[in-house]
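Note: hydrogens, waters and symmetry copies are ignored here, and every other heavy atom, side chains too, is used.
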Number of protein chains: 2
Amino acid sequence: MTAATPKGERRRHALVEAAVALLAEGGLEAVRHRAVADRAGLPLASTTYYFTSLDDLVAAAVEHEGRTEIAAGRARLDELADERRTVEDVVELLLDLLLGVDSRDGGTEPVLLRYERLVGSPRRPYLAPLMRELTGELKDLLDEILARSGMPVDREQLDELIALVDGTVVNALIESGPDPRSAARRTLRRRLG
Amino acid sequence: MTAATPKGERRRHALVEAAVALLAEGGLEAVRHRAVADRAGLPLASTTYYFTSLDDLVAAAVEHEGRTEIAAGRARLDELADERRTVEDVVELLLDLLLGVDSRDGGTEPVLLRYERLVGSPRRPYLAPLMRELTGELKDLLDEILARSGMPVDREQLDELIALVDGTVVNALIESGPDPRSAARRTLRRRLG
DNA sequence: GAATTTCTGGTACGGTCGTGCAGGAATCGG
DNA sequence: CCGATTCCTGCACGACCGTACCAGAAATTC
């Protein structure tokens with residue numbers, strides 16, 4: 001299950017990477033044993049060999065992707081820590097973290113996938129605690145970003161800001177010519193600018 | 001397909017009712033040919049006879065339920081039109097309309113189902129326009145409620161208020177001891193009170 | 001009352017899915 | 001070199017799924 005040999009480790013990781021790719025393309029539902037195995041160029045049974053269940057595999061993929069993303073966001077923060085930041089820069093960073101960097105030009109799809117995953121989490125017991133943890137880390141990061149950019153917020157204000165963005169996105173997604181990132185950008189600028 | 005005889009009409013309607021019940025219990029995914037037929041006490045093939053596809057059936061169920069709900073909300077508005085309304089009354093009415101009346105005591109589940117449906121709509125071409133229409137009517141109703149309750153809002157403020165509630169709910173759903181209605185209530189009271 | 005349309009419901013087809021399992025392949029200790 | 005242990009995988013099973021089909025019953029129309 002947990003891979004004992006280096007080769008096993010590599011294969012296990014290849015499966016996770018494949019699952020991450022599928023996750024980004026088609027959401028939670030796209031992560032299937034057969035699809036992951038095909039994508040990784042490994043036999044079907046390897047998926048059940050390295051992961052006790054499909055849930056395990058999905059959770060590993062979500063965790064891997066979430067941690068990578070948060071690490072990237074933290075790097076962005078450190079990188080820009082000492083430069084002077086315009087409100088626009090901060091807003092874009094927040095948008096990258098809340099909607100995903102793929103929302104910059106990838107159209108509506110990546111944002112939709114992201115919020116499908118968010119709303120789909122409570123129903124999956126194996127995902128719920130993980131999502132809580134990742135969300136917590138994300139909040140810490142957002143808090144730090146705002147503080148270091150001269151717009152400190154308390155806990156309640158941060159929660160409200162996040163809620164405002166999430167709500168704006170969800171509502172923008174069901175419009176006819178959806179552009180959730182632009183909608184969220186307007187909301188954030190009005191609030192922070 | 002559209003039922004020509006009175007009996008056909010009745011059966012068709014029975015299928016829609018069954019679909020609505022399944023929708024309320026298990027969401028969009030729970031509306032299956034076999035489940036609907038069983039629930040309605042009708043043979044499997046009746047579902048494909050009265051509805052060209054499963055999408056048709058789901059759309060009919062969503063529309064039926066949405067219109068019923070909006071009509072109920074409008075009735076509530078008319079009923080309370082002339083009484084004096086406390087902010088609390090208005091907030092509860094808004095919560096009923098945005099989260100569903102089932103959120104009053106049904107726990108987290110009905111709210112989760114509602115937002116799963118909302119986020120799941122963009123991906124289903126047959127649902128997207130319908131949801132847009134229902135959302136539009138809901139907004140009109142909310143606007144009227146606020147106006148008649150002495151808290152008029154313009155279009156932008158209303159959108160922001162809705163976004164705030166939706167975002168609060170989505171974020172409350174992934175918490176450990178979720179109580180989305182209470183969270184949304186706090187948000188609304190802070191905003192309206 | 002015959003013809004035509006509307007409806008009924010049993011059945012089956014082709015597909016995807018998660019997962020269990022027997023046995024083949026690779027590795028390791030001696 | 002060989003037996004034992006671990007690692008790996010082809011295959012198939014059973015469960016659902018949407019939907020098509022068709023013989024016949026029932027209702028409606030002429």
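- Within 4.0 Å of B:S46, counting heavy atoms only, lies no atom of the nucleic acid at all.
- Judged by closest nucleotide on DNA chain D, A:L42 is the one of A:L42 and B:R34 placed further toward the 5' end.
- Closest heavy-atom contact between B:A19 and B:L57: CB-CD1, 4.1 Å.
- In this structure, B:L54 places its CG atom 10 Å from P of D:dC17, rounding to the nearest Å.
- A:L44 comes within 4.0 angstrom of a base, heavy atoms only.
- The existence of a salt bridge linking A:E69 and A:R114 is confirmed by a sub-4.0 Å separation between a basic side-chain nitrogen and an acidic carboxylate oxygen.
- If you check distances only, the side chain of A:R32 never reaches the base of C:dG18 with a donor-acceptor pair under 3.5 Å.
- For D:dT9, the OP1/OP2 oxygens have a side-chain nitrogen or oxygen of A:R11 closer than 4.0 Å.
- Put simply, A:Y50 has no side-chain N or O that comes within less than 4.0 Å of OP1 or OP2 on D:dC7.
- In this structure, the side chain of B:T187 engages the main chain of B:A183 through a donor-acceptor pair within 3.5 Å.
- Checked by atom type, the side-chain pair A:Y50/A:D56 shows no donor-acceptor distance below 3.5 Å.
- Here the side chain of A:Y49 is nearest to one of C:dA12, C:dT19, D:dC8, namely D:dC8.
- Separating the NE2 atom of A:H33 from the C1' atom of D:dT9 is a distance of 14 Å, rounded to the nearest angstrom.
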